[in-house]
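In what follows, chains are A, B, ... by sequence order, proteins preceding strands, each numbered from 1.
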Amino acid sequence: MGKIRVRFAPSPTGPLHIGGARSALFNYLYAKNTGGRFILRIEDTDLERSSRESEENILASLKWLGLEWDEGPDIGGDYGPYRQTERLDIYKKYIERLLAEGKAYYCYCSEEELEFERQECLGRGEVPKYSGKCRNLTPEERKKLEDEGRKPVVRFCVPSNREILIPDKVRGDVVFDSDGIGDFVIVKSDGIPTYNFAVVVDDFTMEITHVIRAEEHLSNTPRQILIYEALGITIPEFAHISLILGSDRSKMSKRHGATSVVQYKEEGYLPEAVVNFLALLGWSPVGEEEVFSLEETAEQFSLARVAKNPAVFDMDKLRWLNGVYIRNCPLPRLAEMALPYMQKGGYISSEPTQDELAWLSLVVTALQEKLTTVGDIIGFMPLFTGDDVVIDGEEQLELLKEDTFLPMITAFCENLSALEDLNPVAVKTLLKGLTKELGLKGKQVYMPLRVALTGQKHGPELDYLISILGKETSKKRLSRTAEQAGLKIPLT
RNA sequence: GGCCCGGUGGUCAAGUGGUUAAGACACGGCCCUUUCAAGGCUGUAACACGGGUUCGACUCCCGUCCGGGUCACCA
């Protein structure tokens with residue numbers, strides 16, 4: 001077998017969909033696993049809906065996911081161009097061949113005529129299918145129609161009573177009957193080929209060996225096979241992967257939550273987590289381990305272990321995986337990812353100072369094991385900023401009414417003021433010393449202090465919390481809390 | 001509706017005629033931790049239904065039901 005070549009061929013009509021990302025991923029994994037090449041081709045024959053902006057978005061999303069391609073519109077390659085609208089002259093050759101051989105023909109039917117035919121079919125209880133009435137137009141008839149100003153399309157002659165077999169790598173053999181397929185359009189009236197035609201010519205001329213794509217394309221495949229046969233060109237291998245479903249088992253759409261890759265990026269998911277999750281949606285590793293890097297996944301990947309049944313997008317599992325990657329993330333990178341959120345939230349200036357960055361680093365350290373997405377960091381910020389404390393509940397208030405509370409908090413403030421360098425280690429030592437010095441139990445120090453500082457019973461480690469708050473804010477918060485509890489502490 | 005593809009716990013998903021039917025997420029419990037989270041241990045929970053074939057079916061065949069895809073001058 002020659003070198004394996006696979007492709008991802010999105011149409012640039014919107015941002016990269018999560019399902020598209022999975023198709024791209026499976027192609028990528030297959031290429032890497034087999035030492036083949038991963039090609040990116042832009043299917044922009046729908047002039048109305050295609051845009052460069054979408055194309056750029058798709059490329060950016062793929063790059064973000066780490067799915068680098070070997071050939072594509074931006075980097076070129078030996079089989080270019082990689083945008084269908086730039087390959088029109090290539091398609092033309094093949095169209096003419098089909099026309100000359102009588103395997104395709106011009107059709108002048110108007111939309112109204114087609115719709116009328118369709119309704120008639122439906123009325124008779126038949127499957128709507130093009131009648132093929134333009135198949136045998138004489139040159140005179142054609143001229144007459146053209147003089148009327150009609151713009152023809154080119155239709156493919158679908159042979160009757162043919163069994164079309166698709167050997168599918170994930171589904172096994174799938175058989176279709178050509179009688180269920182009407183003569184379909186291969187060139188639109190604007191002269192641009194349709195998907196079904198362009199995809200065949202491109203996959204052939206780009207020497208694609210394996211077409212791995214979503215299942216929604218399965219019922220298009222017999223049309224494509226017919227074209228391959230009419231052209232007498234090599235048919236690639238096919239592998240149709242099942243769709244991603246929303247929680248209600250219908251095709252994933254907006255109402256199921258985020259559907260585009262950029263949305264996940266914006267919410268603070270790590271690309272490794274998204275890729276890992278997507279790989280697990282439809283493919284399964286041999287062992288029990290499920291957390292893999294892209295490279296590790298590629299090493300193990302095989303089409304034989306791709307499931308046939310559609311998969312529901314399990315947001316909970318994605319969130320869990322993202323948490324795993326966040327916890328394993330080196331601090332500097334996590335801080336870097338958190339920075340934009342903090343700037344947007346107004347916690348850090350657009351030109352961060354050294355102090356701000358040091359503070360951020362501390363915040364990220366304190367929160368690393370609590371975050372599910374990087375964006376979640378904003379929700380924790382009230383904990384670390386501002387002088388106000390809202391005592392949130394009776395239980396909390398009770399803790400402040402202990403006799404030991406006032407002396408403890410007073411001593412704490414004194415010791416804190418005396419501290420030369422405020423950092424988690426120093427605070428930890430301080431708290432230990434404080435407990436010992438006052439002869440208190442941990443219970444009488446840690447929890448009351450936490451509540452006095454944050455109003456809440458839960459939260460990050462106190463040594464980090466206090467280091468992040470700083471001396472002044474800590475003391476301000478303590479005195480306000482004391483007031484709420486009806487106590488007075490001297491600010492030192 | 002025609003054609004096509006599916007149907008193992010709530011979700012993902014191993015399984016390829018004989019298994020105590022893995023594992024992961026989620027959920028419950030316990031441990032750890034003077035908090036939460038994380039982590040460790042543990043528990044609840046599944047072969048859509050009905051017929052065959054077979055000594056034996058989750059696994060093979062047929063039917064039913066359910067879900068999805070597709071029937072465009074969109075890809």
Side-chain angles (χ1 to χ4, degrees), chain A residues 9-13 20 43-50 84 107 109-111 114 118 122 125-130 151-155 166 168 170-172 174-177 179-182 184-196 198-199 213-223 240 242-243 245 247-251 277 280-291 305 307-321 323-324 326-327 367-372 435 441-447 449-451 454 456-462 465:
Chain A
S11 62
T13 54
E43 309 217 323
D44 56 352
T45 54
D46 184 341
L47 271 22
E48 293 291 311
R49 300 195 301 150
S50 297
Q84 289 188 323
C107 167
C109 295
S110 67
E111 255 178 70
L114 257 19
R118 227 179 70 86
L122 253 24
E126 288 170 17
V127 186
K129 194 174 102 172
Y130 179 64
K151 288 270 187 213
V153 299
V154 178
R155 283 183 187 272
I166 304 167
D168 191 284
V170 349
R171 264 146 234 292
V174 181
V175 179
F176 287 87
D177 186 341
D179 287 345
I181 306 169
F184 55 92
V185 174
I186 55 176
V187 180
K188 298 181 266 186
S189 53
D190 60 4
I192 312 265
T194 59
Y195 162 73
N196 277 128
V199 77
R213 74 220 319 185
E215 193 192 343
E216 55 191 322
H217 291 289
L218 185 56
S219 43
N220 267 317
T221 310
R223 291 176 178 77
H240 288 93
S242 58
L243 266 19
L245 271 29
S247 47
D248 62 353
R249 300 214 140 262
S250 68
K251 193 173 166 178
F277 173 70
L280 257 17
L281 225 49
W283 169 83
S284 63
V286 176
E288 288 182 357
E289 184 60 45
E290 292 196 338
V291 181
R305 293 190 70 83
K308 302 192 215 319
N309 52 312
V312 172
F313 193 91
D314 184 358
M315 193 64 80
D316 280 333
K317 188 153 182 178
L318 205 214
R319 292 175 61 78
W320 166 75
L321 252 181
V324 170
I326 284 182
R327 272 168 250 132
L367 257 21
Q368 179 165 31
E369 56 193 15
K370 291 179 148 43
L371 297 175
T372 322
T435 310
K441 293 192 169 145
K443 200 178 164 189
Q444 296 166 301
V445 174
Y446 292 86
M447 196 48 87
L449 193 52
R450 172 182 298 286
V451 170
T454 66
Q456 297 168 22
K457 290 179 75 179
H458 310 305
E461 303 287 346
L462 277 182
L465 182 70

Partner set under salt bridge (charged side-chain N to carboxylate O under 4.0 Å, His left out) for [X], not counting sequence neighbours:
| X | value |
| --- | --- |
| R49(A) | D46(A) |
| K317(A) | E290(A) |
| R118(A) | E115(A) |
| R171(A) | E215(A) |

Output all residues satisfying side chain to side chain donor-acceptor pair (under 3.5 Å) with [X], sequence neighbours left out; order by chain, then residue number.
| X | answer |
| --- | --- |
| E289(A) | none |
| K457(A) | E395(A) |
| T221(A) | R213(A), H240(A) |

Query raised in the report: G68(B) C1' sits how many Å from H240(A) NE2, rounded?
Result: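 Value for this atom pair: 15 Å.
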Query raised in the report: K443(A) has an atom NZ; how far is it from atom P of U33(B), in whole Å?
Result: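 Distance, rounded to whole Å: 16 Å.
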Answer with base, sugar-phosphate or nothing: what part of the nucleic acid does [X] contact at a heavy-atom distance below 4.0 Å?
| X | result |
| --- | --- |
| Y446(A) | base |
| R171(A) | sugar-phosphate |
| V175(A) | sugar-phosphate |
| Q456(A) | nothing |

Requested in this report: Tell me which of R450(A) and W283(A) sits closer to the 5' end of RNA chain B, going by the nucleotide each one is nearest to.
Outcome: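 On the 5' side of the pair lies W283(A).
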**Report entry** Partner set under ring pair (Phe, Tyr, Trp, His ring centres under 6.0 Å) for F176(A), not counting sequence neighbours
**Finding:**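 For F176(A), no residue satisfies ring pair (Phe, Tyr, Trp, His ring centres under 6.0 Å) once neighbours in sequence are set aside.
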Query - For Y195(A), all residues meeting ring pair (Phe, Tyr, Trp, His ring centres under 6.0 Å), sequence neighbours excluded - result: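 Here the qualifying residues are H217(A).
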**Report entry** Assigned partner base of G50(B), Watson-Crick or wobble definition, under 3.5 Å
**Finding:**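 G50(B) is paired with C62(B).
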For nucleotides 71-75 of chain B, which of its nitrogen or oxygen atoms have a protein nitrogen or oxygen under 3.5 Å away, and what is each distance?
| unit_1 | atom_1 | unit_2 | atom_2 | d |
| --- | --- | --- | --- | --- |
| C73(B) | O2 | S189(A) | N | 2.8 |
| C73(B) | O2 | S189(A) | OG | 2.7 |
| C73(B) | N3 | S189(A) | OG | 3.1 |
| C74(B) | OP2 | K188(A) | NZ | 3.3 |
| C74(B) | O2' | D46(A) | OD2 | 2.9 |
| C74(B) | O2' | R49(A) | NH2 | 3.2 |
| C74(B) | O2 | R49(A) | NH2 | 3.3 |
| A75(B) | OP1 | T45(A) | OG1 | 2.8 |
| A75(B) | OP1 | K188(A) | NZ | 2.8 |
| A75(B) | OP2 | Y195(A) | N | 3.1 |
| A75(B) | O3' | E43(A) | OE1 | 2.6 |
| A75(B) | O2' | S11(A) | OG | 3.2 |
| A75(B) | N6 | N220(A) | OD1 | 3.4 |
| A75(B) | N6 | N220(A) | ND2 | 2.5 |
| A75(B) | N1 | N220(A) | ND2 | 3.3 |

Query raised in the report: OP1, OP2 of A13(B) versus side-chain N and O of R305(A): anything below 4.0 Å?
Result: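 Looking at the OP1 and OP2 atoms of A13(B), neither is under 4.0 Å from any side-chain N or O of R305(A).
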Every protein N/O lying under 3.5 Å from an N/O of nucleotides 10-12 of chain B:
| unit_1 | atom_1 | unit_2 | atom_2 | d |
| --- | --- | --- | --- | --- |
| U11(B) | O2 | D314(A) | OD2 | 3.4 |
| C12(B) | OP1 | R249(A) | NH2 | 3.2 |
| C12(B) | OP1 | V312(A) | N | 3.0 |
| C12(B) | O2' | L280(A) | O | 3.2 |

What nitrogen or oxygen pairs link the protein and nucleotides 38-43 of chain B at under 3.5 Å?
| unit_1 | atom_1 | unit_2 | atom_2 | d |
| --- | --- | --- | --- | --- |
| A38(B) | O3' | R327(A) | NH1 | 3.2 |

Report task. Could you tell me whether the side chain of K129(A) and the main chain of D179(A) form a donor-acceptor pair under 3.5 Å? Result ->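 Yes, K129(A) side chain to D179(A) backbone: donor-acceptor pair under 3.5 Å.
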